[in-house]
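A note on names: the letters A, B, ... follow the listed sequences, proteins ahead of strands, and every chain is numbered from 1.
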Number of protein chains: 2
Amino acid sequence: MYHIEKSVGFLLAKAYQRAFALFREELEEFDLTPPQYAILAFLWQQDGLTQVELSEKSQVDRTTLGGLIDRLEKYGLVERHTHPHDRRAYQIKLTPRGRSLEPQLRECSKNALAKLTSGLSKKDVAELERILEILRGETRVYEKPTF
Amino acid sequence: MYHIEKSVGFLLAKAYQRAFALFREELEEFDLTPPQYAILAFLWQQDGLTQVELSEKSQVDRTTLGGLIDRLEKYGLVERHTHPHDRRAYQIKLTPRGRSLEPQLRECSKNALAKLTSGLSKKDVAELERILEILRGETRVYEKPTF
DNA sequence: TGCATATAGTCAGTATGCTGTCAATAGGGC
DNA sequence: GCCCTATTGACAGCATACTGACTATATGCA
């Protein structure tokens, strides 16, 4: 007998839903959301990316990313800068405030992860990471070697 | 060095995103979405649930569920019936068309799952199911024993 | 140099998800 | 029977996600 609540798709959806909710709770005091954190995290790694680059790295749709950047800009965490070589494009740069939040926001991420995986062993977590990498499918753009 | 693209939260989000996209592609010909399928799936199991019951079983917010039912009703797949004992509540019932789509839509679900997990062994899939169940946290309402 | 194709980012529309609030109804206690 | 608290479903607002379409700009080729 088929039970939707046992299907992988449903389980994945609900696990993600809980992960999102736990992370949102942690970020609440900073008035930020998990997707906004993700964008900041990519910029902490590499500031000044274009929206296309950010979209590719974060795997967020370009139009959705536009709105995310709008909000981060409104909060004073990033700025859109004109691109030195391409008048169509922007370079998205962190403000000093956006940069300064990194330690605290990473702490939020750590806390959320600890809560999410509290019922799992380290081996389970490693296993989950391995399986989720496979589920994601083809290699991400940021993983491609530069020739 | 911390890399957001290796974090469990990010991996979970992107794995879910791909699962959702694959399933959406399968359902496209029926002009339905994964969340709509989930609601139908719960009703195929047990027709005539109230919105509160459906919300609990599917773990979808009551207000979000309202919109989902609106659309399914508009497509002629479900109907809101007045509750025999509670004038506040409805019983959400499948229409003949909603019921008749079950075989084909389940096939879509199967196909999407096959695509999603094509890179995993059966053992991996079983392991993933086990771990995702734990990640979801406390027991779901539908799993609680009836005393 | 002009033209065709591609790209960067935005806009409109639709779907989903959550929080806070509200009106109508239910139920229990006195 | 009245009152208080709780419940059911909807509404408004905001955030995220995707599709299709559009404008301005870039690029390559003849």
Side chain of Thr95(A), backbone of Gly76(A): donor and acceptor closer than 3.5 Å?
yes
Between CG of Leu54(B) and C1' of dG9(D) the distance, given in whole Å, is 13 Å
Between the main-chain N or O of Tyr16(B) and the side-chain N or O of Arg136(A), is there a donor-acceptor pair closer than 3.5 Å?
no
Please give, in whole Å, the distance from dG20(C) P to Arg62(B) CZ?
12 Å
Just checking Arg87(B): base, sugar-phosphate only, or nothing, at a heavy-atom cut-off of under 4.0 Å?
sugar-phosphate
Between P on dG9(D) and CG on Leu49(B), what's the gap in Å once rounded to a whole number?
11 Å
Looking at every strand, decide which applies to Phe20(A) at a 4.0 Å heavy-atom threshold: base, sugar-phosphate, or nothing.
nothing
Interatomic distance where CD belongs to Glu53(A) and C1' belongs to dA8(C) [whole Å]
11 Å
Decide whether Arg80(B) and Gln51(B) meet the rule of one side-chain donor and one side-chain acceptor closer than 3.5 Å.
yes
salt_bridge(Glu133(A), Arg130(A)) N-O dist < 4.0 Å
no
Considering only dA15(D), dT25(C), dT16(C), which nucleotide approaches the side chain of Thr64(B) most closely?
dT16(C)
Does the side chain of Gln51(B) get closer than 4.0 angstrom to OP1 or OP2 of dA10(D) through an N or O atom?
yes
Nearest to side-chain heavy atoms of Gln36(A), which nucleotide of dC18(C), dA15(D), dT10(C)
dA15(D)
Look at all strands and tell whether Thr33(A) reaches a base, only sugar-phosphate, or nothing, counting heavy atoms closer than 4.0 Å.
sugar-phosphate
List the atom of Ala89(B), the atom of Thr50(B), and the distance in Å for their closest heavy-atom pair.
CB-CG2, 4.5 Å
Pick base, sugar-phosphate or nothing for Leu65(B), based on heavy-atom distances below 4.0 Å to the nucleic acid.
nothing
Lys115(B): salt bridge (Lys or Arg N to Asp or Glu O under 4.0 Å) partners, not counting sequence neighbours:
Glu26(B)
Starting from the 5' end of DNA chain C, give me the residue, Arg24(A) or Gly66(A), whose nearest nucleotide shows up first.
Gly66(A)
Whole angstrom value for the distance that separates P of dG9(C) from CG of Leu68(A):
14 Å
Whole angstroms only, please: what is the OH-P distance between Tyr16(B) and dT16(D)?
15 Å
Could you check whether any side-chain N or O of Thr117(B) sits under 3.5 Å from a backbone N or O of Leu120(B), counting only pairs where one atom can act as donor and the other as acceptor?
no
For the side chain of Ala89(A), counting heavy atoms from C-beta on, which of dG20(C), dG9(C), dT16(D) is nearest?
dG9(C)
With under 30° as parallel and over 60° as perpendicular, where do the rings of Phe42(B) and Phe10(A) fit, or are they tilted in between?
perpendicular
Could you identify which residues of residues 70-85 of chain B place a heavy atom less than 4.0 Å from some atom of DNA chain D, listed by residue number, or say none?
Arg80(B)
Could Glu102(A) and Arg106(A) be called an ion pair, given the rule that one side-chain N must be under 4.0 Å from one carboxylate O?
yes
Side chain of Thr63(B): nearest nucleotide among dT19(C), dT16(D), dG17(C)?
dT19(C)
State whether the side chain of Glu25(B) and the backbone N or O of Leu22(B) hold a donor-acceptor pair below 3.5 Å, judged by distance alone.
no
Between the protein and nucleotides 2-7 of chain D, list every N/O to N/O distance that falls short of 3.5 Å.
{"residue": "dT7(D)", "atom": "O2", "partner": "Arg88(B)", "partner atom": "NH1", "Å": "2.4"}

Nearest-angstrom distance from the residue atom CZ of Phe23(B) to C1' of dT16(C)
15 Å
Check the phosphate of dT16(D) against Gln17(B), side-chain N and O only, distance under 4.0 Å to OP1 or OP2. Yes or no?
no
Tell me the interatomic distance from Gln91(A), atom CD, to dG9(C), atom P, rounded to whole angstroms.
10 Å
